[in-house]
*Asks:* 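Here it is, the structure, as structure tokens.
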Number of protein chains: 2
Amino acid sequence: MEGLCLDGNGPVWRQIRRAILGRITGDAWRPGTRIPSEIELTRHFGVSRMTTNRAIQSLALEGHLERHRRIGTIVANRAQERPAFEIWDVREIIERSGERYSYQLLEQLIIPEDDARRDLFPVRRETALLWLRCLHLSDGIPFQLEERLVNVEAAPDILDLPLDQTPPGPWLVDHVPWSQAEHMISAVPAAAKEADALDLNIGTACLVVERRTWNGATPVTLAKLWHPGSRYRLKGQFEPVR
Amino acid sequence: MEGLCLDGNGPVWRQIRRAILGRITGDAWRPGTRIPSEIELTRHFGVSRMTTNRAIQSLALEGHLERHRRIGTIVANRAQERPAFEIWDVREIIERSGERYSYQLLEQLIIPEDDARRDLFPVRRETALLWLRCLHLSDGIPFQLEERLVNVEAAPDILDLPLDQTPPGPWLVDHVPWSQAEHMISAVPAAAKEADALDLNIGTACLVVERRTWNGATPVTLAKLWHPGSRYRLKGQFEPVR
DNA sequence: GCTCACAATATGTATAGACAATTAATCGCT
DNA sequence: AGCGATTAATTGTCTATACATATTGTGAGC
């Protein structure tokens with residue numbers, strides 16, 4: 001705790017926040033490190049516990065810290081890389097909104113050698129490709145429909161994963177290396193299949209994010225994520241607004 | 001306020017949060033609407049002000065609400081579309097981290113008719129294109145280098161903008177309609193120019209986000225955003241991790 | 001009518017204290 | 001040694017209160 005101090009700049013809780021964040025981004029507190037408890041920090045800074053609490057909670061909300069009762073507060077694993085990935089972790093978005101996340105596997109198959117879907121991926125005809133459709137729900141209401149193609153050669157262990165229970169996205173991010181990602185965001189009316197899964201009327205505008213991931217020259221996975229457009233109010237964006 | 005009520009599920013502040021968020025996403029409170037003051041909500045729910053405050057603050061932090069002293073709390077403009085855009089508003093990222101945002105224009109010019117940079121944009125040779133380089137700083141330290149090409153025909157008013165004071169990104173989002181965006185994320189070593197602007201050593205890994213925006217068939221703008229890679233700890237992502 | 005001072009309002013920050021919930025460690029019993 | 005109950009540490013939530021700060025509205029004085 002030596003050297004951890006306020007800078008007299010702005011509200012106290014922000015000063016404390018900065019002090020802690022500085023330790024994290026400055027690599028003095030690496031991921032996994034346990035930081036001092038609220039009480040210790042409270043005493044150290046000479047403030048009330050609620051003030052310390054606010055600083056720490058805000059960092060925890062943003063994913064820099066993880067907190068557990070009786071255990072303490074530790075520096076999160078990927079504290080620093082978050083900004084770029086925030087949009088992709090549906091579960092986190094939902095849980096941060098205070099809603100209950102649930103998951104459902106709809107379909108799953110190994111793509112036959114002559115299937116058209118292979119054209120989306122420049123791989124040898126013999127390469128096994130896993131295709132699946134699943135649904136992410138927020139408080140039981142469909143939130144995102146995910147269609148995904150996975151190169152089994154790039155991620156062989158995925159076949160051992162209980163896909164009816166675990167969504168593939170977070171697992172892939174954690175277990176399969178990749179070097180490049182391509183994104184494409186567009187607005188598309190829902191066809192029958194999507195409308196059905198997301199419980200919308202056919203033709204409802206959806207926000208579609210397509211994400212292709214590569215490891216060097218090897219394609220890893222391709223995800224197509226459908227969101228009910230109304231959630232995002234994209235309308236103002238793709239109809240003239242002036 | 002009629003009908004706004006707790007659901008007995010989880011902590012009270014989360015219940016209040018849900019109740020408010022429900023009004024927002026359910027379109028009962030449209031963007032611009034002023035929501036009841038903390039005191040009113042406090043009385044309505046029969047809790048202490050700090051509890052209401054926590055619920056509202058968390059929504060404000062995530063951008064669903066905007067708060068101003070004496071004015072009150074209003075529903076933010078793009079409350080619903082936020083998840084998809086979070087990564088692009090540097091200023092917000094910086095200010096949410098409790099750091100001071102500042103901005104600097106480095107270069108600006110109208111691209112000559114025979115310039116190679118035109119190839120990035122499929123437009124007629126006569127179309128005026130504005131090119132610029134600017135820097136976004138966090139607490140005075142370079143945070144993001146932005147290189148941008150703007151189709152002046154799609155955004156004529158940009159020439160009136162005091163670009164040495166205002167960053168073009170937020171202005172474009174607010175004033176120019178677009179229908180599609182393409183993104184590409186990659187990791188690239190900094191060349192001399194980037195290293196110089198971002199105050200890095202040549203060869204330091206940077207996270208580069210390229211974003212092309214279209215309005216129907218008309219290209220609107222192309223942005224290339226450089227981040228010092230160390231900020232994001234991308235390393236684990238583009239070097240094999242197993 | 002204009003300007004300046006002041007009041008009113010809403011949020012921002014901070015304190016001190018209380019009890020609940022979770023989980024690791026410990027101690028005692030068999 | 002192993003099991004179970006108890007204790008302790010740590011965060012989670014909540015209350016009641018106080019003063020600070022920003023901004024609008026209002027009214028007095030000119």
Side-chain angles (χ1 to χ4, degrees), chain A residues 1 5-20 24 29 32-76 95-100, chain B residues 1 5-20 24 29 32-76 95-100:
Chain A
M1 283 226 275
C5 60
L6 305 182
D7 53 19
N9 219 273
V12 177
W13 73 268
R14 282 204 169 276
Q15 294 180 45
I16 295 177
R17 203 196 122 108
R18 259 196 305 279
I20 296 172
I24 297 172
W29 289 345
T33 309
R34 208 188 116 185
I35 78 168
S37 77
E38 281 190 8
I39 308 276
E40 287 174 286
L41 289 168
T42 291
R43 267 203 297 270
H44 176 77
F45 289 120
V47 297
S48 88
R49 197 186 136 210
M50 279 298 289
T51 306
T52 312
N53 184 268
R54 188 166 182 186
I56 298 180
Q57 292 252 23
S58 82
L59 287 168
L61 257 176
E62 286 170 28
H64 293 285
L65 298 172
E66 277 175 40
R67 316 196 76 197
H68 302 280
R69 288 175 189 178
R70 164 76 218 221
I71 311 296
T73 303
I74 60 172
V75 178
E95 289 183 345
R96 276 197 203 173
S97 297
E99 283 148 38
R100 189 172 38 79
Chain B
M1 282 226 277
C5 59
L6 306 181
D7 54 19
N9 219 273
V12 177
W13 72 271
R14 284 205 168 272
Q15 295 180 43
I16 295 176
R17 203 196 121 106
R18 259 198 303 278
I20 296 171
I24 297 172
W29 289 346
T33 309
R34 209 188 116 185
I35 77 167
S37 78
E38 282 189 8
I39 308 275
E40 288 174 285
L41 288 167
T42 291
R43 267 204 297 270
H44 177 76
F45 289 121
V47 296
S48 88
R49 196 185 135 211
M50 278 301 288
T51 306
T52 312
N53 184 268
R54 187 166 183 186
I56 297 180
Q57 292 251 25
S58 81
L59 287 168
L61 256 176
E62 287 170 26
H64 293 285
L65 299 173
E66 276 175 41
R67 316 195 76 198
H68 302 281
R69 290 175 194 188
R70 163 77 218 222
I71 311 295
T73 303
I74 61 173
V75 177
E95 290 183 343
R96 276 197 204 172
S97 298
E99 282 149 37
R100 190 172 37 79

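Nothing here was measured: the structure is a model prediction, and the numbers come from that model. Chain letters run A, B, ... following the sequence lines, proteins first, then strands; residues in each count from 1.
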*Asks:* Any non-hydrogen side-chain atom of A/R17 less than 4.5 Å from a side-chain atom of A/S58?
*Replies:*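 Counting from C-beta outward, A/R17 and A/S58 do come under 4.5 Å.
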*Asks:* Could you state the CZ-P distance from A/R43 to C/dA16, rounded to the nearest angstrom?
*Replies:*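 Atom CZ in A/R43 sits about 14 Å away from atom P in C/dA16.
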*Asks:* Could you list where the contact with chain A starts and ends along DNA chain D, reading 5' to 3', using a 4.0 Å heavy-atom cut-off?
*Replies:* D/dA8 to D/dC14
*Asks:* On a plain distance test, is the side chain of B/R70 in donor-acceptor contact with the base of C/dA8 below 3.5 Å?
*Replies:*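 Yes, the side chain and the base share a sub-3.5 Å donor-acceptor pair.
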*Asks:* Of the listed nucleotides (C/dG12, C/dA14, C/dA16), which one gets closest to any side-chain atom of A/M50?
*Replies:*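 From the listed options, C/dA16 comes nearest.
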*Asks:* With a non-hydrogen cut-off below 4.0 angstrom, is B/R54 in contact with a base, only sugar-phosphate, or nothing?
*Replies:* sugar-phosphate
*Asks:* Does a nitrogen or oxygen in the side chain of A/S48 sit under 4.0 Å from OP1 or OP2 of C/dG17?
*Replies:*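 For A/S48, the contact criterion (side-chain N or O under 4.0 Å from OP1 or OP2 of C/dG17) is not met.
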*Asks:* Calculate the interatomic distance between A/R34 atom CZ and C/dT23 atom C1'; express it in whole Å.
*Replies:* 13 Å
*Asks:* For the pair made of CD1 in A/I39 and C1' in C/dG17, what is the distance, rounded to whole Å?
*Replies:* 12 Å
*Asks:* If you compare all heavy atoms of A/C5 against all heavy atoms of A/A19, which two are closest, and at what distance to 0.1 Å?
*Replies:* O-CB, 4.0 Å
*Asks:* How close do B/L6 and B/F45 get, heavy atom to heavy atom, and via which atoms?
*Replies:*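 In terms of heavy atoms, the two residues are closest at CD2-CD2, 3.5 Å.
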*Asks:* From C-beta outward on A/I71, which listed nucleotide comes closest to its side chain: C/dT23, C/dA14, C/dA10?
*Replies:* C/dT23
*Asks:* Is there a donor-acceptor pair under 3.5 Å between the side chain of B/Q15 and the backbone N or O of B/D7?
*Replies:* yes
*Asks:* Is the closest side-chain heavy-atom distance between B/Q57 and B/R67 below 4.5 Å?
*Replies:* yes
*Asks:* Whole-Å distance between C/dG12 C1' and B/Q57 CD?
*Replies:* 7 Å
*Asks:* Starting at atom CD of A/Q15, determine the distance to atom C1' of C/dG12, rounded to an integer number of angstrom.
*Replies:*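 That distance rounds to 15 Å.
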*Asks:* Taking side-chain contact (heavy atoms from CB on, under 4.5 Å) as the criterion, tell me which of A/T73, A/L59, A/T52 meets it with A/I20.
*Replies:*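 Per the side-chain contact (heavy atoms from CB on, under 4.5 Å) rule, the option paired with A/I20 is A/L59, out of A/T73, A/L59, A/T52.
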*Asks:* Expressed in angstrom and rounded to an integer, what is the separation of A/R49 atom CZ from C/dC19 atom C1'?
*Replies:* 11 Å
*Asks:* Show, in sequence, the C-alpha distance, side-chain angles and deciding distance for B/V75 and B/L65, and conclude whether the side-chain contact (heavy atoms from CB on, under 4.5 Å) test is met.
*Replies:* CA-CA 5 Å; B/V75 177; B/L65 299 173; 4.2 Å; yes
*Asks:* Want to settle it: does A/R69 or A/P11 sit nearer the 5' end of DNA chain C, counting the closest nucleotide to each?
*Replies:*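 Closer to the 5' end of DNA chain C: A/P11.
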*Asks:* Which whole-number value in Å describes the distance from A/E38 CD to C/dG17 P?
*Replies:*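 After rounding, the reported distance stands at 16 Å.
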*Asks:* Can you tell me the distance, in whole Å, between the CG atom of B/L65 and the C1' atom of C/dA10?
*Replies:* 14 Å
*Asks:* If each of B/V12 and A/I35 is mapped to the nucleotide of DNA chain D with the nearest heavy atom, which maps nearer the 5' terminus, i.e. the 5' end?
*Replies:*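 Its nearest nucleotide being more 5', the pick is A/I35.
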